[in-house]
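To start, the structure itself, in C-alpha cells.
Just so it is clear, the structure is predicted and the values come from calculations on it, not from any experiment. Proteins get letters first, then strands, A, B, ... in listed order; numbering begins at 1 in each.
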Amino acid sequence: MPMHNSEIADSFERLADLLEIESANPFRVRAYRNAARTVRGYPRGMSDLLEDGEDLSELPDIGKDLAEKIHVMVETGKLPLLEEVESRTPPALSELMKIEGLGAIRVKTLYKKLKVKSLDDLKTAAQDGKIREVSGFGEKSEEKIRKHIERYAGGQERTKLMDAEDIAKPLVEYLKKAEGIKDIIIAGSYRRRKETVGDLDILVTAKRGLTGKKGESSIMGHFTDYDEVDEVVSKGKTRSTVYLRSGMQVDLRVVPQVSYGAAQHYFTGSKSHNIAVRTMGVKKGYKINEYGVFKGGKRIAGETEKSVYEKVGLPYIPPELRESRGELDAAKEGKLPKLITLEDIRGNLHTHTKATDGRNTLKEMAQAASELGYEYLGITDHSKRLTVAKGLNKKRLLEQIEEIDKLNEKLDDIVLLKSIEVDILEDGSLDLPDSVLKKLDYVVGSIHHKFDLSRKKQTERILKAMDNDYFSILGHPSGRLINERDAYEIDLEKVLRGARDSGCFIELNAQPERLDLTDDGCKMAKEMGVKISIATDAHSSSNLNYMRFGVDQARRGWLEAKDVINCRSLKELKKLFKK
DNA sequence: GCCGTTTTCGGCCCGACTGTTTTCAGTCG
C-alpha cells in the first residue's frame, strides 16, 4: 500500500509539533510545516513521482534532507526521526496543540508541571482545577481549555461549500444591517470556492468617519450579538472571532477603505499564493501586507486587489486560481486561462427523472432546464442493475426513448437528449446491450458497486467500459462523497489517457457532496486534452441549480468554456459524440 | 531545514488579541 501524500504530510506536521514542544530551532520547525503543506497540496502522489524518477528536492520547500525522508517514508512507511522524537516526547502532545489556545510552549509547561501527556490528562487537570495553579495560566485559561476540549471532541471536519453558504448567507445579511458597514465580502477558501471550508473569513470596510474606535466597535458588537453566536473567542477593534452554534468558526475583520483590496488579497489566500506575491513585492522593494503595498513606509497601492497585482507586475488573478499551482508563472507570461462562467453553460448532460430515482417528470425537467436558458437537457436515468433506484431495463429504456421523441416534438425552446447512466459492471462491460445503447444520443457510464477493487483492476474496468463504441462520458469518476466516502482507487492519468484515445469525456459531477472530478483532476484532464462535461446529476428540477458548484470547481481546475462539452451548441455537441 | 539577480551563510512575516502581567508572553492567522 503506497503511502498517501496526506500521511506523509501528517507525519511531518506531527514531527514539527513535537520538535516545537522540544524547543527546537523554530525555523527548522517551520521548514517541516512548509514541507507538509507542499506535500499535502501536491496534485501527484510522492510515490508516483519517485516511480517516475523525479527529484523531489525540486519541489518548493523540499530540500535534500526532506526529499530523502520522503523517499524513506515511501519505501518503508516510516519516518525514523519521528519515531526517535516520539520515544522521548509523548506523541499525544502533538494532539494537544490542536486545542484552541494551546501552543507548543503551554503544552510543554503543562507536561512538565502537571505531567499532562494526553487529551484525557488535560481534561482531568482542567476539571480538577490544577491548570489555574500553573504560573502563566489562570482561571480563564482553564475554563477555555475545558470548553475547547469539548469543541475539539465534537469534530473538526471541514464544511462542504454548500453548507458553508447556508451558514454564511444569513450572517452576511445580518451584518449588512450594522451601522457604518460599507463593503462586505467573505474571503478565505470560501471565496476561492474550495469544495470544503474550514472557517469563514469575513472582511468589511466601514464608512468614513466611522472607522474610528467607535464605529468599529459598534460593528463588532453587532457581530457578536448575532443570534447564532455560541462563543466569542476574541473581540477587538479590527478583528473578532466567534464560534457559531453550527460549530463554524467565523473571523470578522474591519479594514479602512484604502486597504480593502490589500486585505481582500491577504485574507483570500491561499497562504502560499500570498507568500509568493509578497516575495515578488520584496524583490521590487515593496512591502505587502493586509493594509496595502508600501514603498518606504508610503502606501502606493491597496484599495483594489487589481492594484496590488499591478504593483508586482501581474494581471488580476481570479481567487479560484490562487493555490500556487502555476498561476503566478501563467500570469507573468500572460497565459492565465479565461475561466469558464455559469453563463457559458448551454445544457446539462446528467439528470434523472421519476422513471428511476428522480422526483420530477420528463416534462417538468425540460421546463426547468428551459427556464435556465439551456439549449438541451440530457436524460440519464439509471440502468437495471441499480434495482434500488428502479433502474431501467431494455424495454423500459425503449419506452422512455419513445416518450422523449414525442415530447421533443412539442418542446420548442429546448431539446431533450436521450441517454442513460449505465452501470459499469465489475468486468468493465455495460449493464445494457449495445442494441439499445446505439439508439441513444450519448451514454454516461458510472460505477455504483464493487468500489473496493484494486487500483489496477478498477482502472482496467473503466478503460474497458470506455472502449465500448457507444460509451461517451464517465460519470462521477472517483465515486467519492465528501466527508463520507473515499474515492475508489483509480489511476486517473491512465483513465484520462484512455478517454482521450477512445474519444470519451469525463464528468465533473456538480453535486455539492460529490464535486467529482476534483480541481486537480480537471487541470490534469485539460493538460492532457480531455474534455469535461459539467453535469448536476440532478434528481429533481431544483437540483439543476447545482451547476454553479460544478462551474466553481471547474474554475479551480483552470477550465475554460472550450474545455467543457456542455458549453457547445447542440450541433457541435452531437458531432463530439460521434466516435 | 530551506533558500539564493544581496548565493553556500545568514536570514527566515508580523500585527491583533487575550490573559496574566505590572510591561509582556503566548497564540493565532
Sugar-phosphate, base or nothing in reach of A:L59, heavy atoms under 4.0 Å: sugar-phosphate

Closest-nucleotide 5' rank along DNA chain B - winner of A:R28 and A:M97: A:R28

Touch class at under 4.0 angstrom, heavy-atom based, for A:P26 against every strand present: nothing

Residues A:D120 and A:K123 bridged, charged N to O under 4.0 Å: no

Sugar-phosphate only, base, or nothing, as touched by A:I275 at under 4.0 Å among non-hydrogen atoms: nothing

Touch class at under 4.0 angstrom, heavy-atom based, for A:E20 against every strand present: nothing

Sugar-phosphate, base or nothing in reach of A:R239, heavy atoms under 4.0 Å: base

Whole-Å C1' distance, B:dT18 and B:dT22: 16 Å

Pairing of A:E143 and A:R146 as salt bridge, 4.0 angstrom limit: yes

pair A:L200-A:Q249: side-chain heavy atoms closer than 4.5 Å: no

Sugar-phosphate, base or nothing in reach of A:E290, heavy atoms under 4.0 Å: nothing

Minimum heavy-atom distance A:V116-A:L93, with the two atoms named: O-CD2, 3.4 Å

Residue pair A:A525 / A:L517: nearest heavy atoms and the distance that separates them: CB-CD2, 4.5 Å

Touch class at under 4.0 angstrom, heavy-atom based, for A:E68 against every strand present: nothing

CG/A:D486: more than 12 non-hydrogen atoms of other groups inside 6.0 Å: no

Distance, P atom - from B:dT6 to B:dG11, rounded to whole angstrom: 16 Å

Touch class at under 4.0 angstrom, heavy-atom based, for A:F267 against every strand present: nothing

First encountered from the 5' end of DNA chain B, between A:D251 and A:G136: A:G136

Pairing residues for A:K78 by the salt bridge (charged side-chain N to carboxylate O under 4.0 Å, His left out) criterion, not counting sequence neighbours: none

Positional range of nucleotides in DNA chain B within the contact set of chain A, heavy-atom, under 4.0 Å: B:dG1 to B:dG29

Sugar-phosphate only, base, or nothing, as touched by A:K69 at under 4.0 Å among non-hydrogen atoms: sugar-phosphate

Sugar-phosphate only, base, or nothing, as touched by A:I99 at under 4.0 Å among non-hydrogen atoms: sugar-phosphate

Rounded distance in Å between the C1' positions of B:dT8 and B:dC2: 12 Å

Pair A:D230 + A:R151: basic N to acidic O under 4.0 Å: yes

C1' spacing across the pair B:dC13 / B:dT27, given as an integer number of angstrom: 15 Å

B:dT27 - base-pair partner by Watson-Crick or wobble geometry, distances under 3.5 Å: B:dA16

Pairwise C1' distance, B:dT21 and B:dC17 [rounded to whole Å]: 15 Å

Pairwise P distance, B:dA25 and B:dT20 [rounded to whole Å]: 16 Å

Touch class at under 4.0 angstrom, heavy-atom based, for A:K283 against every strand present: nothing

Sugar-phosphate only, base, or nothing, as touched by A:N289 at under 4.0 Å among non-hydrogen atoms: nothing

